[in-house]
Trainee: 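Quick one: the structure is below, questions incoming.
Proteins come first, then strands; the chains are lettered A, B, ... in the order of their sequence lines, and each starts at number 1.
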Amino acid sequence: MAPPRSYRTEALTLARSTLGEADLLITLYSRDRGKIRAVAKGARRSTSKLVGHLEPLTRVQLSLSMGRNLDIITQAQVLSNFNPLKENLAAITKGLYVAELVDGFGSEAQPNPAVYDLALDILEAIAGDSESELPLRFFELRLLLASGLMPELYDCVECRQPVVPGNHHFSPNVGGTLCLNCSPPEARIRPLSLRALKVLRLFHRSPSSKPPSLTVAPALAQELKTLLASTISYWLEKEIRSNSLMEHLQRESKSAV
Amino acid sequence: MTTDPTPSASPSLTRLIQELNKLPGVGPKSAQRLAYYVIRLPDLEAYALADAITAVKQSVIYCQECQNLTDSSPCAICADTQRDREILCVVEDPLDVLAVERTRCYRGLYHVLHGAISPLNGVGPEQLKIKELLARLNKDGITELVIATNPTLEGEATAMYIRRNLDRGKLMVTHLARGLPVGGSLEYSDEMTLSRAFQGRQELKAG
């Protein structure tokens with residue numbers, strides 16, 4: 001018997017771009033199928049039944065039919081549109097950053113339910129609190145964990161000795177924490193404070209994919225951001241585009257104060 | 001060493017294929033078909049196409065007022081003294097100006113942003129004509145700004161960005177109504193469209 005030519009799946013819409021005269025090319029992350037790129041036929045027409053359901057950062061239930069190259073979306077129904085998130089520019093930017101990282105780390109036909117659940121929980125957290133950047137740091141670390149790229153936080157990656165409380169080094173390209181005695185020649189070393197290490201370990205050990213409620217000093221928040229951003233860009237081997245808008249908005253907010 | 005992707009006895013034909021291949025949505029096979037079509041065209045038609053491309057590159061400029069594409073600045077709309085110069089409609093693209101003009105219900109001026117904030121495509125506020133809009137609002141006697149960006153995530157983000165950069169003076173800032181399209185269907189509407197349609201409901205006047 002021939003395999004079915006259509007399927008149903010639940011997915012998060014990550015991005016969309018125009019295709020042809022009136023179609024949209026939608027990038028989705030499905031819980032049970034991984035990343036999907038599919039076409040929504042005629043979705044740019046104002047009377048399209050699909051378009052409102054396929055805005056980026058929406059959790060949707062979809063029916064798709066398999067195409068030769070790209071699958072075709074035949075039905076879409078919004079499950080959650082994270083509504084408060086889309087009414088605030090800072091929250092939208094953070095949401096798009098989450099989408100860009102899921103797109104970057106996701107692979108087609110390789111489902112990773114942990115990444116899917118994490119993305120939904122983080123979008124909920126951003127919708128609830130658009131000011132704090134800590135949920136993004138939690139998301140970055142847990143995304144690395146769920147993708148099998150978790151940096152080592154407990155032993156020195158060079159001498160394999162457990163790291164003792166104190167200041168250490170961190171290197172994304174050799175795999176994580178280094179004690180002060182070890183500095184492999186190829187390592188791009190960054191300082192790692194004890195407080196930053198503790199926060200990273202807290203994120204790692206958190207039993208839930210919801211970010212813990214935590215407040216950190218601005219200097220520590222900046223250190224965590226630098227450490228995780230260097231690790232993310234090392235693995236993705238590209239610049240995170242939505243970062244520049246986030247930084248632009250932060251610069252404007254600071255200059256307005 | 002680079003290999004020629006489209007081996008041909010004619011280098012000029014190869015060049016045309018390569019140039020056509022650079023156009024959006026035109027793959028190598030389509031580029032070949034278009035190039036052979038151009039060869040079979042009557043001379044006059046082929047030269048008219050080449051002339052049109054040359055002319056558009058030489059004469060089309062941005063209007064210094066509204067940033068729309070035009071042959072002369074200010075453009076016909078900005079130069080029209082019959083239009084209401086106190087109301088300004090902000091749109092994403094030049095084609096949106098044509099769409100609004102077709103309605104014949106708006107007689108104010110325009111400002112074209114040439115896109116919407118879309119971080120995933122590398123488009124930030126600096127790439128759009130937002131700086132020009134803010135400068136225009138400061139010097140012209142505009143009393144109402146109609147933000148007519150698309151009701152998409154990118155369009156909404158652009159509208160929010162413009163709003164937060166405006167001086168809170170006498171300027172009234174509005175945006176187009178959200179809701180159901182003519183010929184649409186309630187059954188297939190998403191929650192956000194339908195809830196906004198309810199928020200924007202209007203009194204039904206006796207016919």
Side-chain angles (χ1 to χ4, degrees), chain A residues 13-21 24 27 43-58 60 75-83 85-97 99-101 103-104 239-249 251-253 256, chain B residues 24-27 30 92-93 95-96 99 115-128 130-131 134 149-168 175-176 178-197 199:
Chain A
T13 49
L14 302 177
R16 63 185 202 176
S17 55
T18 57
L19 185 74
E21 183 86 355
L24 285 174
T27 309
R44 279 152 66 204
R45 297 200 175 95
S46 65
T47 49
S48 164
K49 294 177 224 169
L50 292 171
V51 67
H53 300 270
L54 295 171
E55 277 285 287
L57 308 178
T58 307
V60 276
Q75 287 180 46
Q77 175 67 49
V78 172
L79 296 176
S80 166
N81 56 22
F82 306 101
N83 201 1
L85 184 147
K86 294 178 185 172
E87 291 167 1
N88 176 314
L89 185 57
I92 291 175
T93 317
K94 286 177 183 159
L96 290 174
Y97 177 74
E100 191 175 357
L101 290 198
D103 189 5
E239 182 199 357
I240 309 300
R241 286 172 157 182
S242 41
N243 234 344
S244 59
L245 178 61
M246 233 176 337
E247 284 166 4
H248 179 96
L249 296 178
R251 275 198 307 274
E252 280 191 350
S253 300
Chain B
V26 179
S30 300
E92 289 182 17
D93 289 308
L95 289 175
D96 297 336
I117 292 174
S118 176
L120 302 187
N121 295 317
V123 182
E126 316 93 271
Q127 279 80 42
L128 304 175
I130 292 179
K131 205 168 56 186
L134 299 177
T149 50
N150 289 331
T152 58
L153 192 66
E154 291 86 357
E156 298 284 11
T158 311
M160 286 177 208
Y161 181 82
I162 293 170
R163 185 69 193 88
R164 74 181 229 158
N165 279 282
L166 290 176
D167 290 333
R168 291 170 193 274
H175 70 90
L176 297 186
R178 279 14 177 190
L180 299 164
V182 174
S185 157
L186 242 66
E187 181 189 353
Y188 290 109
S189 297
D190 62 292
E191 296 149 31
M192 200 177 261
T193 303
L194 206 47
S195 63
R196 286 186 174 182
Q199 285 163 12

Trainee: Taking every heavy-atom pair that is under 4.5 Å apart, which of B/Pro151, B/Gly122, B/Ser185, B/Ala159 has the most such pairs with chain A?
Mentor: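 Of the candidates given, the most pairs with chain A belong to B/Gly122.
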
Trainee: Please look at A/His248 and chain B and tell me whether the side chain, the backbone, both or neither of the residue comes under 4.5 angstrom of a heavy atom of that chain.
Mentor: side chain

Trainee: With a 4.5 angstrom heavy-atom cut-off, which part of B/Asn150 approaches chain A: side chain, backbone, both or neither?
Mentor: neither

Trainee: Under a 4.5 Å heavy-atom cutoff, which of A/Glu239, A/Glu87, A/Met246 has the most pairs with chain B?
Mentor: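 Looking at each of A/Glu239, A/Glu87, A/Met246 in turn, A/Glu87 comes out on top.
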
Trainee: So which part of A/Leu245 gets closer than 4.5 Å to some heavy atom of chain B, the side chain, the backbone, both or neither?
Mentor: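 For A/Leu245, side-chain heavy atoms alone lie under 4.5 Å from chain B.
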
Trainee: Please tell me whether A/Gln75 and B/Tyr188 have a donor and an acceptor in their side chains that are separated by less than 3.5 angstrom.
Mentor: no

Trainee: Could you tell me the separation between the CD atom of A/Glu55 and the CG atom of B/Asp190, rounded to the nearest 0.5 Å?
Mentor: 8.0 Å

Trainee: Counting heavy-atom pairs under 4.5 Å to chain A, which of B/Ser118, B/Pro125, B/Pro24 comes out on top?
Mentor: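 Ranked by contacts with chain A, first place is B/Pro125.
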
Trainee: Need one label for B/Glu154: side chain, backbone, both or neither, based on atoms under 4.5 Å from any heavy atom in chain A.
Mentor: side chain

Trainee: Any idea which heavy atoms bring A/Asn81 and B/Met192 closest together, and the distance?
Mentor: ND2-CB, 3.9 Å

Trainee: Identify which of A/Thr93, A/Asp103, A/Leu249, A/Leu19 forms the greatest number of heavy-atom pairs closer than 4.5 Å to chain B.
Mentor: A/Leu249

Trainee: Considering all heavy atoms of both residues, which atom of B/Met160 and which atom of A/Leu89 are nearest to each other, and what is their separation?
Mentor: SD-N, 3.4 Å

Trainee: Given that the side chain runs from C-beta out, which part of A/Leu96 has a heavy atom under 4.5 Å from chain B: side chain, backbone, both or neither?
Mentor: both

Trainee: Is the backbone of B/Leu120 close enough, under 3.5 Å, to the side chain of A/Glu100 for a donor and an acceptor to pair up by distance?
Mentor: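 No, the answer is negative, given that no donor and acceptor are paired below the 3.5 Å cut-off.
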
Trainee: Checking salt bridge (Lys or Arg N to Asp or Glu O under 4.0 Å) for the pair A/Glu252/B/Arg164: CA distance, chi angles, key distance, verdict?
Mentor: CA-CA 10 Å; A/Glu252 280 191 350; B/Arg164 74 181 229 158; 3.5 Å; yes

Trainee: Please determine, among B/Asn121, B/Thr193, B/Val123, the option with the most heavy-atom pairs under 4.5 Å with chain A.
Mentor: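 With the most close heavy-atom pairs to chain A, the winner is B/Asn121.
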
